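Residue numbers start from 1 in every chain, and the chains themselves are labelled A, B, ... in the order their sequence lines are given, proteins ahead of strands. Since this is a predicted model, take the numbers as computed values, not measurements.
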Amino acid sequence: MTASTPPPIGAPDDEVSATATHAATGGLVKSVVALDRVVIRLAGDSGDGMQLTGNRFTSETASFGNDLSTLPNFPAEIRAPTGTLPGVSSFQLHFADHDIMTPGDAPDVLVAMNPAALKSNLADLPGGGLLIVDSDEFTSRNLAKVGYATNPLEDGSLDGWQTVPVPLTSMTLDALADSGLGKKEAERSKNMFTLGLLSWMYHRPTEGTVRFLERQFRRKPEIAAANIAAFRAGYNYGETTEAFAVSYEIKPAPMDPGTYRNISGNQALALGVVAAGQRSGLPVFLGAYPITPASDILHELSKHKAFGVRTFQAEDEIAGIGAALGASFGGALGVTTTSGPGIALKAETIGLAVMTELPLLIIDVQRGGPSTGLPTKTEQSDLLQAMFGRNGEAPLPVIAPRSPGDCFDAAIEATRIALTYRTPVMLLSDGYLANGAEPWAVPDVDSLPDLSEAVGFATGPNAEATDGSPEFHPYKRDPETLARAWAVPGTSGLQHRIGGLEKADGSGNISYDPANHDFMVRTRQAKIDGIAASIGPTDVEDPDGDARVAVIGWGSTYGPIGAACRRIRASGRKVAQIHLRHINPFPADLGEVLARYDRVVCPEMNLGQLALLLRAKFLVDVQSHTQVSGMPFRSAELAAVIQDAIDTSTTDTTSTDAVPAGAAVNGAMQ
Amino acid sequence: MTTLDTHVHDLGMPGNPISAAVAASVELSGEKKSELKAKDLKTDQEVRWCPGCGDYVILNAVQSFLPSLGIAREDIVIVSGIGCSSRFPYYMNTYGMHSIHGRAPAIATGLAASRPDLSVWVVTGDGDSLSIGGNHLIHALRRNVNMTILLFNNRIYGLTKGQYSPTSEVGKVTKSTPMGSIDAPFNPVSLALGADATFVGRAMDSDRKGLTDVLRQAAEHKGTSLVEIYQNCNIFNDGAFELLKDPMTGTQWSIPLEHGKPLVFGPDGASCVVRDDFGGLRIAETNQVAAEDIVVHDATRENPAYAFALSRLSSQDLRYTPMGVFRSVQKPTYDGMMAEQLDVARVSGSADLQGLLGGGETWSVA
Ligand SMILES: Cc1ncc(C[n+]2csc(CCOP(=O)(O)OP(=O)(O)O)c2C)c(N)n1
Ligand code: SF4
Ligand SMILES: [Mg+2]
């Protein structure tokens with residue numbers, strides 16, 4: 001069928017406007033419809049190159065100047081059997097002519113490269129949505145593999161959507177008939193054909209992809225040529241076919257002036273670590289053991305040896321953090337990167353870092369748990385592990401980035417705390433931030449925090465022995481920060497021994513004295529609590545300034561919560577959004593701030609871990625809203641939760657009264 | 001492992017705060033002092049080993065011998081795990097870290113790889129290095145990071161009061177094996193050679209000369225050196241090495257290893273080592289074999305099979321125990337290669353942070 005009307009827009013972040021103009025191309029009358037946002041999901045077999053296609057479309061979209069947000073979703077298996085449901089890999093991209101916060105609750109357009117991709121993704125496509133399928137793949141064999149008794153392209157079961165079957169595979173083969181490639185090899189380019197078609201449909205620039213393919217396959221020019229040919233063929237097909245009468249224009253989003261790039265959370269973390277090394281002057285040492293979804297940080301940092309970055313792929317997670325701590329002892333910026341199972345293994349060494357009071361950056365890219373759990377899916381369930389997962393009273397600062405680009409700033413902030421307070425710092429990212437991407441304004445290096453002040457290596461004695469001779473006391477503290485003196489090996493006259501046994505206050509000698517132990521336990525805690533003095537008050541986003549309900553979150557839920565708050569406000573209600581960068585310690589005024597609201601809602605991708613901390617610490621009756629599906633929240637669902645909290649908030653008269661009947665925020669939901 | 005030809009200012013980032021701190025401290029205290037006496041290496045900490053423990057003897061030997069290396073004490077770092085032996089760093093006036101059980105080789109790897117200007121030592125026990133830390137030990141050895149590992153083998157868990165260890169002999173009765181241990185023990189030298197360690201030696205706590213000799217060679221070796229030191233725990237495993245220490249039986253059962261010398265040992269040189277029919281080695285009576293059939297010790301053989309065969313001569317009750325340096329071969333060190341890659345990267349690419357952040361595909365908004 002022909003898609004002559006614009007695809008309906010799913011639950012929008014904002015109002016949608018569509019205006020059509022008509023243009024004649026090659027004798028065909030085609031119209032151009034202006035949209036303000038669109039969500040596309042590409043789904044196919046793991047072998048179909050959906051992640052690559054998605055990333056290319058993202059790059060084109062980024063360079064075009066739209067705001068965007070992505071959600072890659074792939075199986076943990078490298079290549080599950082072809083054409084099966086477990087083998088389906090997908091990539092969702094939301095792009096718009098305005099500032100957006102999430103990859104979109106539901107796609108407006110679904111591209112399904114085979115029956116398995118259709119079956120596992122169709123439920124997410126709202127009725128009436130545009131569905132493009134590779135009709136060549138709907139063979140009886142492939143249908144049987146996923147349990148379709150009849151062909152959905154023929155049995156009418158797709159009538160509720162604008163279904164456009166396109167023989168993507170055979171058209172790719174036709175386009176590459178003269179390429180000299182075998183059938184199997186030529187078929188592989190069908191993702192580029194598809195990308196070409198979508199590039200036409202959404203007026204994307206194409207030069208970037210052509211350059212990318214030339215670079216990617218520079219050692220195999222025939223493959224590069226085939227992919228480029230397929231890409232162009234897809235584009236031309238869009239231009240000439242009658243199957244698609246409409247193309248869509250999404251204007252660039254207004255952004256602050258500057259240079260932008262597209263960045264994923266893992267890339268941003270890696271660059272943040274390099275920057276932290278440069279801004280502190282310390283050589284970076286990364287000790288890591290590969291684990292999804294953190295491995296890309298190791299890969300990225302391995303490329304930056306020119307910056308004095310040493311990367312060490314250890315024999316296990318324990319050695320990874322051990323080596324990083326050893327490097328910290330030597331004066332490097334020690335870093336270790338992992339996911340939840342790795343943190344479990346590192347626990348004892350983290351305790352040693354707490355005891356030896358050495359700076360160390362611990363990055364946990366959380367994934368679904370417990371145990372091996374869902375390696376490629378996202379979750380926020382390591383918060384309590386980060387806070388408490390050690391023997392003894394072993395407090396450490398915990399911070400979390402809120403978006404892919406924010407991972408960069410979070411790495412620098414974590415380093416600031418680690419160096420200033422001589423402490424291991426836990427940075428909690430997650431699978432959604434790690435692989436998701438967004439445009440990122442490239443910062444001016446000179447504007448980044450100067451961390452060199454925080455280093456302050458000791459160079460001479462800082463105490464006196466009983467006989468009056470000068471001595472070095474490694475546990476003598478800065479009165480303000482309670483940070484201990486840090487002397488690196490090689491420093492003449494300051495030889496000292498540290499370790500896991502309890503230290504005597506000041507001298508750092510082994511001490512089993514009960515009063516000393518009590519004092520040291522409290523001092524270590526006070527040092528971490530004292531970090532609050534350096535982090536500023538709670539950041540509350542409440543445009544009206546008189547909201548009675550607050551939503552509090554941490555980490556990657558910032559986007560969905562923020563989008564939900566926009567909906568709430570668009571419906572005439574009021575809500576305050578608090579999103580924590582620092583979870584340990586909390587901002588000093590957080591308890592007072594929370595006490596101001598009639599209700600505090602806390603959405604988390606776990607069973608209420610932050611809510612537990614807030615209740616314990618501030619005795620506030622936090623309303624925990626949780627989802628542990630391995631997928632990020634949908635903003636429409638969060639909006640409904642917040643709306644409910646507002647509308648049932650007993651002491652709250654203003655906001656409910658202010659809302660006209662029928663203005664439910666989820667009215668736009670299907 | 002010494003030959004500190006790397007300078008602190010070459011650490012990958014010229015003029016970094018580490019070299020600045022080191023330079024400032026040297027200025028403050030005058031010249032770097034590398035002419036030391038044994039007493040310069042002692043600390044004010046009370047040594048807390050049981051009276052009579054072999055650890056004292058080893059500590060004394062190390063304190064007496066280290067000054068001869070000419071390394072300033074601030075350039076020496078001793079990292080240990082957990083166990084009686086791992087208390088060692090507290091008694092040495094150098095830099096030190098008494099870490100956690102089994103992890104010292106990993107921690108030392110990070111330190112040695114990022115600070116090639118330091119002389120890094122690991123002190124560990126048989127439980128620490130071969131049970132809980134077995135993984136780190138073999139990986140450190142295969143990587144050949146520049147450090148010296150002293151493995152104090154008392155064939156028992158001392159600090160936890162006397163359970164059998166991974167080097168305890170089968171049948172050993174301990175608190176946790178009232179009917180005798182049923183675990184086959186590791187031979188630490190065989191294990192290290194199996195991991196392709198570039199330097200492996202063995203010495204006796206009470207043999208000051210032999211111990212010093214092996215320690216010196218280990219210290220001078222570039223790469224990971226492993227020295228197994230037989231150490232008497234007079235509380236939980238007293239006399240474990242008596243067979244080798246007793247003047248009567250000692251000469252009979254120990255095989256002194258001297259590079260370039262024929263492997264002849266025992267009272268009056270009555271025993272010797274010859275090749276067996278299967279590519280290994282065996283003990284023979286010297287007067288029963290032709291002189292040219294006696295194996296001449298060569299610690300520098302590239303293939304570890306010979307050194308391994310040597311290590312297999314001994315039984316778990318310590319009969320025919322080679323003492324000395326089994327293997328000493330030169331291979332590139334991990335830290336050296338890491339530093340080289342950094343140098344290459346610096347030559348071929350620039351360390352322009354602004355360029356890195358703005359790298360890849362970018363676009364501008366005016
Ligand atoms: C994680 C952990 N597990 C167990 C222990 C208890 N522990 C301390 S020392 C030790 C064994 C030490 O044996 P060895 O390495 O042979 O040292 P030795 O005391 O004999 O010198 C054990 C099991 C510990 N400290 N940490
Ligand atoms: S228990 Fe044994 S090894 Fe430990 S200090 Fe006492 S004698 Fe030495
Ligand atoms: Mg022992």
Side-chain angles (χ1 to χ4, degrees), chain A residues 59 62-63 65 208 255-262 271 274-275 278 281-283 285 287 305-308 310 312 314-316 318-319 322-327 329-332 334 348-349 352 442-443 445 455 457 459-460 488-501 509-510, chain B residues 8 11-13 16-18 20-22 24-26 28-29 32 43 45 72-75 77 79 89-90 93-100 103 106-111 113-115 117-118 135-136 139 338 341-342 345-346 348-351 353-354 356-358 360-366:
Chain A
S59 290
S63 65
M255 293 192 194
D256 291 337
T259 304
Y260 287 80
R261 66 181 283 183
N262 193 39
L271 295 186
V274 176
Q278 295 289 303
L282 298 186
F285 184 96
K305 296 182 168 55
F307 292 88
R310 288 175 165 83
F312 170 62
E315 57 270 23
D316 59 24
I318 304 174
L325 185 65
F329 183 47
E348 194 192 9
T349 314
L352 178 64
V442 177
V445 166
V455 175
F457 290 136
T459 55
V488 294
T491 315
S492 184
L494 306 194
Q495 299 89 261
H496 63 277
R497 278 65 51 194
I498 56 175
L501 283 173
N509 291 330
I510 301 174
Chain B
V8 70
L11 292 176
M13 291 172 77
N16 71 55
I18 302 173
V22 169
S25 72
V26 173
L28 208 70
S29 64
K32 253 190 188 297
T43 65
Q45 296 299 292
R73 54 190 178 176
E74 63 263 25
D75 290 334
V77 187
V79 182
Y90 289 116
N93 193 349
T94 62
Y95 282 88
M97 190 195 285
H98 175 221
S99 74
I100 46 177
R103 317 302 172 194
I107 293 169
T109 293
L111 177 64
S114 55
R115 289 290 304 274
D117 59 308
L118 300 172
N135 198 29
H136 307 308
H139 287 279
M338 192 180 239
Q341 287 196 342
L342 259 61
R346 254 192 302 269
S348 53
S350 80
L353 183 60
Q354 193 68 58
L356 174 69
L357 300 186
E361 293 176 52
T362 58
W363 70 99
S364 292
V365 176

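Taking 4.5 Å as the limit, every side-chain heavy atom of A/Leu282 sits out of range of all side-chain heavy atoms of B/Asn16. B/Trp363 is not listed as a side-chain neighbour of A/Thr259, based on a closest heavy-atom distance of 4.5 Å or more. Proximity of B/Ile18 to A/Pro283: side-chain heavy atoms (C-beta onward) are separated by under 4.5 Å at one or more points. The shortest side-chain heavy-atom distance between A/Asn262 and B/Glu361 does not fall under the 4.5 Å cut-off.
Here CG of A/Leu501 is found 12.0 Å from CD1 of B/Ile100. Values are rounded to the nearest 0.5 Å.
Across all non-hydrogen atoms, the minimal contact from B/Pro17 to A/Gly281 is CD-O, 3.0 Å. A/Glu315 and B/Asn135 get closest at one heavy-atom pair: CG-ND2, 3.6 Å. Of all the heavy atoms in A/Pro489 and B/Leu118, the pair that sits closest is CB-CD1, 3.7 Å. Across every non-hydrogen atom of A/Phe329 and B/Val77, the tightest pair is CE2-CG1, 3.7 Å.
No donor-acceptor pair closer than 3.5 Å links the side chain of B/Arg73 to the backbone N or O of A/Gly493. Not a single donor-acceptor pair under 3.5 Å links the side chain of B/Arg103 to the backbone N or O of A/Ile318. Within the 3.5 Å criterion, the main-chain N or O of B/Leu357 finds a donor-acceptor partner in the side chain of A/Arg261.
Put simply, of A/Ser59, A/Gly500, A/Gly258, A/Pro443, the one with the most heavy-atom pairs under 4.5 Å next to chain B is A/Gly258.
Side-chain atoms of A/Ser492 and B/Ser29 form a donor-acceptor pair, as typed in the model, at a separation below 3.5 Å. Counted by atom type alone, B/Gln45 and A/Asn509 present one or more donor-acceptor pairs between their side chains at under 3.5 Å.
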### Task
Output, in order, the C-alpha distance, side-chain angles, deciding distance and verdict of side chain to side chain contact (heavy atoms under 4.5 Å, CB included) for A/Arg497 and B/Tyr95.
CA-CA 6 Å; A/Arg497 278 65 51 194; B/Tyr95 282 88; over 6 Å; no

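Interface residue A/Val455: only side-chain heavy atoms are found under 4.5 Å from chain B. Contacts of A/Tyr260 with chain B are made by both backbone and side-chain atoms, with heavy-atom separations under 4.5 Å. In this structure, the portion of B/Met338 lying under 4.5 Å from any heavy atom of chain A is its side chain and not its backbone. Heavy-atom distances place the side chain of A/Leu352, and not its backbone, under 4.5 Å from chain B.
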